[in-house]
Amino acid sequence: MSFTSIPILDMSLAEDPATKPQFLADLRHALMEVGFLYLKKVGISNDEFQRVIQEGKAFFDIPEEEKLKIEMKNAPSFLGYSRLSAEVTAGAVDHREQIDLSTEHPLPEPGSPLHYNLVAPNQWPSPEYLPTFREVFTQYMTKMAKISLQFTSLIAEAIELPADAFDKYFDADQQHKLKIVKYPDVGELGKGGKDGNQGVGPHKDSMLTSYLLQASHHRGLQVQNMEGTWVDCPPLEGTLVVAIGQALEALTQGVCASTTHRVLSPAAGQGARYSIPFFQGVKRDVEFEELETVGVGKVPERVREQRRRVFERFGHRMDDCEFTFRQGGVSRTLGEATFRNRVKSHPDVGERWYPEVLASVLEEQARAKENKSVAQGIAPVVAAPQPVEAH
């Protein structure tokens, strides 16, 4: 039987030699069996979490014209504000409003590869309306960067690798990303919610780890187990929800599970759901060939065998693992793949700044759809171009 709930781990137990072995055993179970976990006592106080939540919610209450001054399509970095229903995942519209931020970086040098544009300064809301917003989120991203690196080293130890096994995949000034997201309830959506309740469509995260602060009481996040059942991941105060990304799955040759998840919009009358995910970054020029063949070194066979047995219980094989966001074989590096997926997810930004890349992405999508139709024995049709899933 696959998992029916999300495990809860106490990160402070990893600091005590007496409790660390059991923590690592529990972490290994979560990595192999679930690919998701709650993490508590991470070194951020509840007061700090509440300040982040309050500032995040306050952003959506500033005047619309102020939000549009920092709209994502105003810059080629894919950082900034996205209007409601401006993003797509799994070929369908996500009903959410959000702002994308990252750890601060200067503009790339002229002539740099296109995907270097993802590393850039933030578009911050005006301090006239949110005087402490920038300070609060700069401090939070700094703390989360440190926590993510600490936790990644614990992941390495949990699968019997050296604690520094992943260090070579991080830059000294590594860019990490953060979103502040508002999901209106279906009663607030167009046509009373008849256009669907997809907050975010089914997907896997692309990099190593992500850390979600669920900023309101609403349910909505769901994780798919190996039997195909959707399992609720409700908010738990004082915790972060950790998701394992596809890059970590590849680096460990399938030992760590990257799990499909989605978000459903709140039901009519429940009000908006808020969430604040932090995404750990990886060196942008890491090549897929290295990820998939060299990785972090040889995971011990006894650990691989433990993961292999998990797959076999459900009729799968470990070599079924793949980078679903690498489909098409166009991208050579993680940075290139991430860039193309940003264009897929935000076609308005792509149309303004990268029209040739957007055209290529849409052609790739049309070919994939045609190939799928042929494989299923269906006469291929030429469909109107559509953006495809987000990372």
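With T229 contributing its side chain and N225 its backbone, the two residues share no donor-acceptor pair below 3.5 Å. Judged purely by atom type and a 3.5 angstrom limit, S148 uses its side chain to pair as donor or acceptor with the backbone of A145. Put simply, the side chain of D100 never gets that close to the backbone of K179: no donor and acceptor are under 3.5 Å apart. In terms of modelled atom types and a separation under 3.5 Å, the side chain of E336 and the main chain of R332 share a donor-acceptor contact. Using modelled atom types, no side-chain atom of R219 and backbone atom of P234 make a donor-acceptor pair closer than 3.5 Å. Distance alone, capped at 3.5 Å, places no donor-acceptor pair between the R284 side chain and the G335 backbone. Counting only distance, with no hydrogens or angles, the side chain of T259 and the backbone of V34 share a donor-acceptor pair below 3.5 Å. R307 contributes a side-chain N or O that, together with a main-chain N or O of M32, makes up a donor-acceptor pair within less than 3.5 Å. With hydrogens and angles disregarded, no donor-acceptor distance shorter than 3.5 Å links the side chain of H176 to the backbone of Q280.
The minimum heavy-atom distance linking G350 with L358 is given by the pair C-CD2, 4.1 Å. Nearest heavy atom pair, residue F166 against residue T252, reads CZ-CG2, 4.2 Å. Considering all non-hydrogen atoms of both residues, I244 and A257 come closest at CB-O, 3.1 Å. Residues I62 and Y129 approach most closely at CG2-CB, 3.9 Å, considering heavy atoms. A pairwise comparison of heavy atoms in P235 and S216 identifies CG-O, 3.3 Å as the closest pair. Closest heavy-atom contact between L24 and A158: O-CB, 3.7 Å.
Note that CD1 of I99 and CZ of F59 are 4.0 Å apart. Values are rounded to the nearest 0.5 Å. For the atom pair W353 CH2 and L114 CG, the distance stands at 12.5 Å (nearest 0.5 Å). Once rounded to the nearest 0.5 Å, the distance linking CZ of R302 with CD of E160 reads 4.0 Å. C256 SG to I159 CD1: the interatomic distance, rounded to the nearest 0.5 Å, is 4.0 Å. Atom-to-atom distance recorded for L118:CG and L79:CG is 8.0 Å, nearest 0.5 angstrom. Here the CG atom belonging to L212 is positioned 8.0 Å from the CG atom belonging to L240, to the nearest 0.5 angstrom.
Among pairs with a residue in residues 112-139, those fulfilling salt bridge (Lys or Arg N to Asp or Glu O under 4.0 Å) read E104-R134, at least two apart in sequence or across chains. Within the structure, no pair that satisfies the ring-ring contact (aromatic ring centres under 6.0 Å, His included) test touches residues 220-254, not counting sequence neighbours. Under the ring-ring contact (aromatic ring centres under 6.0 Å, His included) criterion, the residue pairs touching residues 9-36 are F36-H261, with sequence neighbours excluded. Sorted by first then second residue, the salt bridge (Lys or Arg N to Asp or Glu O under 4.0 Å) pairs that include residues 140-154, not counting sequence neighbours, are E48-K143.
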For F288 and L334: C-alpha separation, side-chain torsions, deciding distance, then whether side chain to side chain contact (heavy atoms under 4.5 Å, CB included) applies. CA-CA 7 Å; F288 282 106; L334 271 176; 4.2 Å; yes
Would you check, one step at a time, whether the test salt bridge (charged side-chain N to carboxylate O under 4.0 Å, His left out) holds for E305 with R308? CA-CA 5 Å; E305 179 58 29; R308 194 176 292 117; 2.6 Å; yes
Apply ring-ring contact (aromatic ring centres under 6.0 Å, His included) to the pair F133 and F137, showing each step before the final yes or no. CA-CA 6 Å; F133 181 94; F137 278 99; 4.8 Å; yes
Give the intermediate values and the outcome of side chain to side chain contact (heavy atoms under 4.5 Å, CB included) for residues L178 and Y140. CA-CA 10 Å; L178 177 142; Y140 183 67; 3.6 Å; yes
Steps toward side chain to side chain contact (heavy atoms under 4.5 Å, CB included) verdict (T103, T142): CA-CA 7 Å; T103 47; T142 298; 6.0 Å; no
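No side-chain donor-acceptor contact under 3.5 Å links E227 and S2. A donor-acceptor pair shorter than 3.5 Å can be found between the side chains of R273 and Q214. A donor-acceptor contact closer than 3.5 angstrom links the side chains of Q22 and D26. Side chains of S45 and D47: no donor on one and acceptor on the other come within 3.5 Å.
The salt bridge (charged side-chain N to carboxylate O under 4.0 Å, His left out) test applied to R340 returns E364, not counting sequence neighbours. By the salt bridge (charged side-chain N to carboxylate O under 4.0 Å, His left out) test, R352 pairs with no residue at all, sequence neighbours left out. Annotation: salt bridge (charged side-chain N to carboxylate O under 4.0 Å, His left out) contacts of D164 (sequence neighbours excluded): none. Under the salt bridge (charged side-chain N to carboxylate O under 4.0 Å, His left out) criterion, K69 pairs with E66, sequence neighbours left out. A search for side chain to side chain contact (heavy atoms under 4.5 Å, CB included) contacts involving E15 returns nothing, not counting sequence neighbours. Qualifying side chain to side chain contact (heavy atoms under 4.5 Å, CB included) partners for P108, counting only residues two or more places apart in sequence or in other chains: S112, Y116, N117. Under the side chain to side chain contact (heavy atoms under 4.5 Å, CB included) criterion, S258 pairs with K204, Q246, E249, not counting sequence neighbours. Judged as a side chain to side chain contact (heavy atoms under 4.5 Å, CB included), and not counting sequence neighbours, the contacts of T19 are L13, D16.
Under the 4.5 Å side-chain heavy-atom criterion for grouping Ile, Leu, Val, Met, Phe, Trp and Tyr, L101 is connected to V52 within one hydrophobic cluster. Following chains of ILVMFWY side-chain contacts shorter than 4.5 Å, one can reach M144 starting from I155, so the two form part of one hydrophobic cluster. One hydrophobic cluster holds both L27 and Y211 under the rule that ILVMFWY side chains link at heavy-atom gaps under 4.5 Å. Under the 4.5 Å side-chain heavy-atom criterion for grouping Ile, Leu, Val, Met, Phe, Trp and Tyr, F49 is not connected to F279 through any hydrophobic cluster. Transitive grouping of hydrophobic side chains (ILVMFWY, heavy atoms separated by less than 4.5 Å) keeps L264 and L221 in distinct clusters.
Under a 4.0 Å N-O distance rule, the pair K73/D348 does not qualify as a salt bridge.
The aromatic rings of F78 and H346 sit tilted relative to each other, their planes meeting at an angle between 30° and 60°.
Around CD of E356, the count of heavy atoms belonging to other residues, nucleotides or ligands within 6.0 Å does not exceed 12. Heavy-atom neighbours of E237 CD from other residues, nucleotides or ligands within 6.0 Å: at or below the threshold of 12.
Counting only heavy atoms from C-beta outward, the side chains of I53 and Y274 never approach each other to under 4.5 Å.
When each of K67, K182, R83 is checked for a side chain to side chain donor-acceptor pair (under 3.5 Å) with E97, only K67 meets the rule.
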